[in-house]
Amino acid sequence: MRKVTFIIASLVLLFAVTSAYNDGNRGVQPGQTAPLSELPEAIANEAVLNANEQILLNFWSASDAESRVRTKHYQSITDKNIRLINVNIDDNESLSRAIAKADGIAHSHRIHGSLAEKIRREFRLPDNCGGALLIASDGTVSAANPEF
């Protein structure tokens, strides 16, 4: 019984210590400047901000059902001051194309391999997961994963 108690106490202590070092912030947060310069040129050119316009930069992955549903929802936004840019960050290009077709996801930039890893790192996205940023005309993030 002492051994079981010791193991449980050790696990609780380990959890408490590791939780203290995890602030829970994932991704670029509202108020921070979005690292748009890290995007490939084709996407960066599309992400040029105009006055009174916001960009909804949406990262999605075939293996992340939540990001796929969010992508489908974002396509229905009709606000003229919000420009949607979908970016697929899968490692498997053929799978992402098949999923996009099956889900009815419109035009989407595709980033794969080491470039996808770089984008995940710069935007602090979890592996194989998506995320969306609403970016104001000054380049700052006004919302993460916004709901419309």
Side-chain angles (χ1 to χ4, degrees), residues 8 10-148:
I8 291 172
S10 297
L11 289 173
V12 168
L13 180 62
L14 179 65
F15 176 73
V17 169
T18 56
S19 294
Y21 291 103
N22 180 7
D23 64 2
N25 287 338
R26 297 192 101 162
V28 178
Q29 298 296 308
Q32 296 177 331
T33 300
L36 296 175
S37 62
E38 298 301 324
L39 293 170
E41 187 176 346
I43 301 171
N45 289 342
E46 192 175 332
V48 171
L49 292 157
N50 299 317
N52 300 322
E53 181 181 52
Q54 297 184 79
I55 291 176
L56 181 54
L57 185 59
N58 178 47
F59 297 99
W60 69 278
S61 171
S63 60
D64 181 16
E66 183 181 337
S67 72
R68 290 168 51 194
V69 169
R70 187 177 53 242
T71 299
K72 190 81 167 138
H73 171 71
Y74 286 161
Q75 289 182 150
S76 67
I77 296 171
T78 58
D79 188 330
K80 301 283 188 235
N81 294 324
I82 297 177
R83 186 169 6 128
L84 175 64
I85 301 175
N86 286 321
V87 181
N88 176 263
I89 52 173
D90 280 311
D91 290 326
N92 185 329
E93 188 172 357
S94 60
L95 175 64
S96 69
R97 287 184 190 280
I99 293 294
K101 184 176 181 180
D103 287 357
I105 296 173
H107 174 72
S108 184
H109 295 280
R110 291 181 174 81
I111 301 174
H112 306 285
S114 61
L115 184 54
E117 285 302 315
K118 178 182 177 190
I119 296 301
R120 282 189 199 107
R121 189 174 50 253
E122 292 298 326
F123 283 87
R124 297 193 300 271
L125 299 169
D127 288 343
N128 298 318
C129 293
L133 300 172
L134 186 61
I135 303 168
S137 58
D138 65 357
T140 60
V141 175
S142 25
N145 297 319
E147 294 182 20
F148 293 95

For this session: Check step by step if side-chain contact (heavy atoms from CB on, under 4.5 Å) holds for F123 and L39.
Result: CA-CA 10 Å; F123 283 87; L39 293 170; 3.8 Å; yes

For this session: Report the C-alpha separation of T71 and N58 in whole Å, then their side-chain angles, then the decisive distance to 0.1 Å, and conclude whether the side-chain hydrogen bond (donor to acceptor under 3.5 Å, both in side chains) test is met.
Result: CA-CA 7 Å; T71 299; N58 178 47; 2.7 Å; yes

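Side-chain N or O atoms of D90 include one that pairs as donor or acceptor with a backbone N or O of A62 at under 3.5 Å. Checked by atom type and distance alone, the side chain of S142 pairs as donor or acceptor with a backbone atom of L134 at under 3.5 Å. At least one donor-acceptor pair under 3.5 Å links the side chain of N145 to the backbone N or O of A132. Here the side chain of D103 pairs no donor or acceptor atom with the backbone of I105 at under 3.5 angstrom.
Around atom CG of N52, no more than 12 heavy atoms belonging to other residues, nucleotides or ligands sit under 6.0 Å away.
A perpendicular orientation is assigned to the rings of F148 and Y74, their planes being inclined by more than 60° (bins at 30° and 60°).
Neither side chain, D64 nor S61, offers a donor N or O lying under 3.5 Å from an acceptor on the other.
Residues meeting the salt bridge (charged side-chain N to carboxylate O under 4.0 Å, His left out) test with R97, sequence neighbours left out: E93. Under the ring-ring contact (aromatic ring centres under 6.0 Å, His included) criterion, H109 pairs with H107, not counting sequence neighbours. E122 is linked by a salt bridge (charged side-chain N to carboxylate O under 4.0 Å, His left out) to nothing, counting only residues two or more places apart in sequence or in another chain.
Rounded to the nearest 0.5 angstrom, R110 CZ and I89 CD1 are separated by 13.0 Å. Once rounded to the nearest 0.5 Å, the distance linking CG of D138 with OG1 of T33 reads 7.5 Å. Taking CG from L133 and CD from Q54, the interatomic distance works out to 12.0 Å, rounded to the nearest 0.5 Å.
Checking E66, K72, R68, H73 one by one against R70, the side chain to side chain contact (heavy atoms under 4.5 Å, CB included) holds for a single residue, E66.
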